[in-house]
2 protein chains.
Amino acid sequence: MKKILIIEDDKTIIEGLEDTFSFHDFQVFTAVSGSEGIRLFKEKKPRLVILDIMLPGIDGFEVCKKIKSIDPGIPVIMLTAKSQESDKLLGFELGADDYVTKPFSIKVLVARVKAVLKRSAGKSLKEKTITLGAVEINLKSFTIKKGGTEHALSPKEAEILTLLLDNPEEVIDRDRIIDEVWGDEYYPSPRTIDNFILKLRTKIEKDPRNPEHILTVHGAGYKFKTNSS
Amino acid sequence: MKKILIIEDDKTIIEGLEDTFSFHDFQVFTAVSGSEGIRLFKEKKPRLVILDIMLPGIDGFEVCKKIKSIDPGIPVIMLTAKSQESDKLLGFELGADDYVTKPFSIKVLVARVKAVLKRSAGKSLKEKTITLGAVEINLKSFTIKKGGTEHALSPKEAEILTLLLDNPEEVIDRDRIIDEVWGDEYYPSPRTIDNFILKLRTKIEKDPRNPEHILTVHGAGYKFKTNSS
DNA sequence: TAAGTTTGTCATAAAATTGTCACCGGCGGG
DNA sequence: CCCGCCGGTGACAATTTTATGACAAACTTA
């Protein structure tokens with residue numbers, strides 16, 4: 001579940017956006033001021049920020065600058081009432097990734113968000129197929145080929161696998177998996193995660209009982225190893 | 001050299017566009033009225049049309065309709081002074097492929113033109129017939145031959161099938177299907193899509209209950225497989 | 001090595017998604 | 001004007017995925 005943060009002081013707009021983006025399977029956090037926004041940003045670590053320029057207290061440009069200094073890679077979409085080019089330019093200079101002028105159509109905004117996310121995740125693994133010896137992982141087609149047979153991945157399986165693959169050699173603890181795959185308002189039982197790992201192993205590993213790629217780090221989490229050497 | 005046709009009554013704009021697109025290696029034809037535009041369209045057979053909505057005589061919408069009736073595949077980009085959603089909607093309904101609001105930046109327009117051309121070039125599948133074992137798909141004539149019998153495709157069926165065919169092996173989720181086939185503005189019920197898939201399957205698959213080509217990826221979308229191995 | 005945790009595995013329950021079919025309204029052709 | 005096709009919906013069944021609990025196995029630590 002993708003997390004996004006909306007910083008906007010108009011409650012009406014917030015409400016509408018919250019509904020819409022929830023509907024489109026985003027987990028939405030909202031802030032009505034710049035400082036709250038920055039706090040939430042640090043706390044929730046969203047994948048994208050929608051940011052109004054006109055804010056009480058710190059203005060949107062400052063917030064953008066601050067956010068970008070925390071994580072330069074995070075996509076930011078600016079909202080503004082003025083359609084003036086100068087603002088737009090300033091926004092882009094400060095690192096905004098896209099720009100939407102009020103009044104905007106919700107549909108357009110959703111489309112932009114998706115586009116920006118896609119762009120920022122562009123070079124991600126989803127484009128490629130990963131080959132590990134006799135195993136071929138293709139996230140784009142939700143598919144794993146092992147030996148001669150092809151296994152299908154379910155959405156959750158794919159998400160977990162993507163997370164592991166995105167951070168090879170790095171230990172990912174359960175909290176992180178839960179946070180990134182389920183979002184932080186849901187707490188599946190610990191067994192749930194084991195089960196997905198189990199299923200992934202039967203699909204990826206030659207000998208699921210002796211995994212070579214999806215390794216358990218007892219007491220800490222799981223880790224993905226690319227070279228089985 | 002790609003031919004484009006610009007239909008626009010403002011001479012200043014025409015001049016600017018002509019320069020710019022020439023510079024970008026397009027061969028440009030221009031018309032200052034709808035009827036002249038349609039005549040030139042038939043005569044020059046351009047790859048893309050840039051069309052102002054406000055025209056003396058026949059208005060842009062009519063011209064668009066006419067052009068699309070001559071060649072439904074031709075990309076049309078609409079220009080307008082009004083940024084009103086309603087106009088946009090009408091434009092899209094009549095088959096405009098993109099929409100640019102005056103005053104526009106030339107850069108943006110060029111980018112749009114290239115994007116639209118790229119998109120429509122991808123549809124070159126439409127030229128070919130695809131053969132899958134005993135099944136023959138002909139997007140150009142909206143026709144599928146399975147065994148001895150020939151099935152006709154409805155427009156929507158064809159659009160969905162084209163989308164799948166354009167991205168073989170790739171999982172296309174429902175949102176994407178909706179975006180690309182219905183557009184941003186409309187949300188059909190989930191059942192609607194199932195139904196089209198159902199209809200496509202009865203036309204393509206040998207055993208519609210056990211599809212070999214149009215596969216469901218539960219929770220994620222649909223996927224087209226070419227080789228039924 | 002034994003106790004205490006953490007993880008693996010399996011069966012099974014719960015939830016979500018998709019398949020299928022019947023049916024409605026609009027539109028164009030005969 | 002009637003009929004049939006197309007696009008669209010709703011109800012319900014079928015299927016698949018997700019979640020959980022019980023218990024075995026493995027690991028840590030003392």
Side-chain angles (χ1 to χ4, degrees), chain A residues 1 22-25 142-144 151-161 164 171-175 177-178 180-183 185-205 207-223, chain B residues 65 69 72 93 142-144 150-161 163-164 171-178 180-183 185-205 207-223:
Chain A
M1 181 130 53
S22 300
F23 175 75
H24 283 277
D25 286 327
F142 283 60
T143 257
I144 292 178
H151 302 269
L153 286 175
S154 79
K156 283 267 189 307
E157 285 166 13
E159 276 192 88
I160 292 173
L161 184 55
L164 290 172
V171 177
I172 315 285
D173 63 41
R174 291 175 131 72
D175 280 350
I177 296 178
I178 292 178
E180 304 230 7
V181 176
W182 277 265
E185 43 203 74
Y186 185 69
Y187 296 95
S189 92
R191 257 8 57 243
T192 301
I193 292 170
D194 297 343
N195 270 296
F196 280 108
I197 296 292
L198 183 62
K199 277 187 257 172
L200 283 174
R201 292 219 255 239
T202 68
K203 285 169 188 173
I204 291 181
E205 304 286 358
D207 175 8
R209 304 278 174 146
N210 283 71
E212 293 176 357
H213 298 110
I214 302 178
L215 305 182
T216 301
V217 181
H218 205 96
Y222 296 94
K223 172 167 85 167
Chain B
K65 216 155 55 174
S69 77
E93 239 164 57
F142 284 50
T143 256
I144 292 177
E150 193 171 279
H151 302 267
L153 285 176
S154 77
K156 280 270 190 303
E157 285 167 11
E159 275 191 88
I160 292 174
L161 184 55
L163 173 58
L164 289 172
V171 174
I172 314 286
D173 63 39
R174 290 177 133 72
D175 276 354
R176 173 119 179 253
I177 296 178
I178 291 177
E180 304 225 6
V181 176
W182 276 266
E185 315 295 336
Y186 185 68
Y187 289 95
S189 93
R191 249 29 37 252
T192 300
I193 292 170
D194 296 344
N195 270 298
F196 279 106
I197 295 292
L198 185 62
K199 278 185 250 174
L200 283 173
R201 292 218 255 239
T202 66
K203 286 170 188 173
I204 291 181
E205 303 285 358
D207 175 9
R209 304 278 173 145
N210 284 72
E212 292 176 358
H213 300 295
I214 302 178
L215 304 184
T216 300
V217 181
H218 213 279
Y222 295 95
K223 170 168 83 167

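Just so it is clear, the model here is predicted, and its values are computed rather than measured. Protein chains get the first letters and strands the later ones, always in sequence-line order, with residue 1 at the start of each. No hydrogens, no waters, no symmetry mates; every other heavy atom, side chains included, goes into these values.
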Any N/O pairs under 3.5 Å between the protein and nucleotides 15-19 of chain C? List them or say none.
| from | atom 1 | to | atom 2 | distance (Å) |
| --- | --- | --- | --- | --- |
| dT17(C) | O3' | Gly219(B) | N | 3.3 |
| dT17(C) | O2 | His218(B) | NE2 | 3.4 |
| dT18(C) | OP1 | Arg174(B) | NH1 | 3.4 |
| dT18(C) | OP1 | Gly219(B) | N | 3.3 |
| dT18(C) | OP2 | Arg174(B) | NH1 | 3.2 |
| dG19(C) | OP1 | Arg201(B) | NH2 | 2.3 |
| dG19(C) | OP1 | Thr216(B) | OG1 | 2.6 |
| dG19(C) | OP2 | Tyr222(B) | OH | 2.5 |
| dG19(C) | N7 | Arg191(B) | NH1 | 3.4 |

Taking only N/O atoms, report every protein-nucleotides 4-7 of chain D pair under 3.5 Å with atom names and distance.
| from | atom 1 | to | atom 2 | distance (Å) |
| --- | --- | --- | --- | --- |
| dG7(D) | OP1 | Lys156(B) | N | 3.0 |
| dG7(D) | OP2 | Ser154(B) | OG | 2.3 |

Subject >> Distance in angstrom units between Ile177(A) CD1 and dT18(D) P, rounded >> reply: 15 Å

Original post:
Roughly, in whole Å, what's the span from CG in Leu200(B) to C1' in dT20(C)?
Top reply: 15 Å

Subject >> Euclidean distance, atom CG of residue Leu215(A) to atom P of dC27(D) [Å, nearest integer] >> reply: 13 Å

Subject >> Side-chain heavy atoms of Ile214(A) within contact of Glu205(A), under 4.5 Å >> reply: yes

Original post:
Under the side chain to side chain donor-acceptor pair (under 3.5 Å) criterion, do Thr216(A) and Arg201(A) qualify, and how do the steps go?
Top reply: CA-CA 11 Å; Thr216(A) 301; Arg201(A) 292 219 255 239; 3.2 Å; yes

Original post:
Could you give the CD1-to-P distance, from Ile193(B) to dG10(D), as a whole number of Å?
Top reply: 14 Å

Subject >> Lys223(B) side chain to Thr143(A) side chain, donor-acceptor N/O pair below 3.5 angstrom >> reply: yes

Subject >> Residue pair Ile177(A) / Phe196(A), side-chain heavy-atom distance below 4.5 Å >> reply: no

Original post:
Going through the checks in order, is the side-chain contact (heavy atoms from CB on, under 4.5 Å) test met by Val217(B) and Asp173(B)?
Top reply: CA-CA 9 Å; Val217(B) 181; Asp173(B) 63 39; over 6 Å; no

Subject >> Nearest heavy-atom neighbours spanning Phe142(A) and Pro155(A) >> reply: CE2-CA, 4.0 Å

**OP:** Compare all side-chain heavy atoms of Asp175(B) with those of Asp25(A) and state whether any distance is below 4.5 angstrom.
**Re:** no

**OP:** Flag the pair Arg176(B) / Leu163(B) as yes when at least one side-chain heavy-atom distance between them is below 4.5 Å, and no otherwise.
**Re:** yes

Subject >> Heavy-atom side-chain proximity of Tyr187(B) to Thr192(B) below 4.5 angstrom >> reply: no

Original post:
Is any N or O donor-acceptor pair between the side chain of Asn195(B) and the base of dT9(D) shorter than 3.5 Å?
Top reply: yes

Between the protein and nucleotides 26-30 of chain C, list the N/O to N/O atom pairs that are separated by less than 3.5 angstrom.
none

Subject >> side-chain contact (heavy atoms from CB on, under 4.5 Å) evaluation trace for Ile193(A) with Val181(A) >> reply: CA-CA 10 Å; Ile193(A) 292 170; Val181(A) 176; over 6 Å; no

Original post:
Taking C-beta and beyond as the side chain, do Glu159(A) and Glu180(A) meet within less than 4.5 Å on heavy atoms?
Top reply: no

Original post:
Could you give the CG-to-C1' distance, from Asn210(B) to dA14(D), as a whole number of Å?
Top reply: 13 Å

